[in-house]
Amino acid sequence: EDQVTQSPEALRLQEGESSSLNCSYTVSGLRGLFWYRQDPGKGPEFLFTLYSAGEEKEKERLKATLTKKESFLHITAPKPEDSATYLCAVQAGGTASKLTFGTGTRLQVTL
Amino acid sequence: ETGVTQTPRHLVMGMTNKKSLKCEQHLGHNAMYWYKQSAKKPLELMFVYSLEERVENNSVPSRFSPECPNSSHLFLHLHTLQPEDSALYLCASSPRLAGGGETQYFGPGTRLLVL
């Protein structure tokens, strides 16, 4: 059974204080690992897709990396507007595009 | 309208009511999904449709009934729900199925409260 574990559950940073969020996964035949951002009361907003170990993607202050067992979302010099819940999901091989999600990391960035 | 839209955004219903959630995608995608998001739990996949055909039903109770009349629209018909069904219901779409790392794009969700 596919599993995704995210840590920490919650993280509080000061503006400008860089950190990383972790997503550990167990999946049979990884097809893709996805990062989403979710604001309260809204749907998840797509950030990145990573397909193979060693791959990295960047967008503004965010950088996602992937190994064979985990993915990291690095946040460099965060701002208050980066406050959100960050969700990680994996997709295994198969005929339906099922995503298995973690429970997320709730990030709060303060001034 | 762009992306994935959902209506209504908020819904309060009694256990004996019948209501429907609507999802529309403006991305030209062929696959659509319903997810349930409850507090402190991961998103749970409920149903998957590809080209209007249901391809997955994740052991969802029969009080939830999906309908996909075309590749742009998806409905979730609700009847005789229980208070534990209160949650955020999310619709998503992707270009196609095939398990090949297709990115799913989500709508804003419908916040459902069952009294």
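Throughout, a chain's letter reflects where its sequence line sits, starting with A, and its residues are numbered from 1.
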(request) Please test B:Leu45 against A:Phe101 for side-chain contact (heavy atoms from CB on, under 4.5 Å), starting from the C-alpha separation and ending with a verdict. (result) CA-CA 9 Å; B:Leu45 180 66; A:Phe101 280 85; over 6 Å; no
(message) With side-chain contact (heavy atoms from CB on, under 4.5 Å) as the criterion, how do A:Leu99 and B:Leu43 come out once you've worked through the C-alpha distance, each side chain's angles and the decisive distance to 0.1 Å?
(response) CA-CA 9 Å; A:Leu99 292 182; B:Leu43 272 76; over 6 Å; no
(message) I'd like to know whether A:Lys98 forms a side-chain contact (heavy atoms from CB on, under 4.5 Å) with B:Gln104, so could you lay out the CA-CA distance, the side-chain angles of the two residues, the decisive distance to 0.1 Å, and finally the verdict.
(response) CA-CA 10 Å; A:Lys98 178 181 178 181; B:Gln104 294 182 21; over 6 Å; no
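Atom CD of A:Gln38 and atom CG of B:Leu90 lie 6.5 Å apart (nearest 0.5 Å).
Heavy atoms of B:Gln37 lying under 4.5 Å from chain A belong exclusively to its side chain. Residue contact with chain A, scored on non-hydrogen atoms closer than 4.5 Å, involves the side chain of B:Leu88 exclusively. Residue A:Leu33: no heavy atom, backbone or side chain, is found under 4.5 Å from chain B. Contact annotation for A:Glu9: only side-chain heavy atoms (C-beta onward) come within less than 4.5 Å of a heavy atom of chain B.
Counting heavy atoms from C-beta outward, A:Tyr36 and B:Thr103 have side chains that approach closer than 4.5 Å.
Annotation for B:Glu84: atom CD counts as buried by contact number, over 12 foreign heavy atoms lying within 6.0 Å. Within a 6.0 Å radius of CZ in A:Arg12, other residues, nucleotides and ligands contribute 12 heavy atoms or fewer. Within a 6.0 Å radius of CD in A:Glu1, other residues, nucleotides and ligands contribute 12 heavy atoms or fewer. Within 6.0 Å of CD on B:Gln82 lie more than 12 heavy atoms contributed by other residues, nucleotides or ligands. Around the NZ atom of A:Lys57, the shell of radius 6.0 Å holds more than 12 heavy atoms that belong to other residues, nucleotides or ligands.
For chain B, the option among A:Gly32, A:Pro44, A:Gly102 with the highest count of heavy-atom pairs below 4.5 Å is A:Pro44.
Clustering ILVMFWY residues whenever any of their side-chain heavy atoms sit less than 4.5 angstrom apart, transitively, puts A:Tyr25 in a cluster other than the one holding A:Tyr51. There is no path of hydrophobic side-chain contacts, each under 4.5 Å, that joins B:Tyr105 to A:Phe48. A:Leu66 and A:Val27 fall within a single hydrophobic cluster, where Ile, Leu, Val, Met, Phe, Trp and Tyr are joined by side-chain heavy atoms under 4.5 Å apart, directly or via other members.
Taking the six-membered ring for Trp and the full ring otherwise, the centers of B:Phe106 and A:Phe46 sit at least 6.0 Å from each other.
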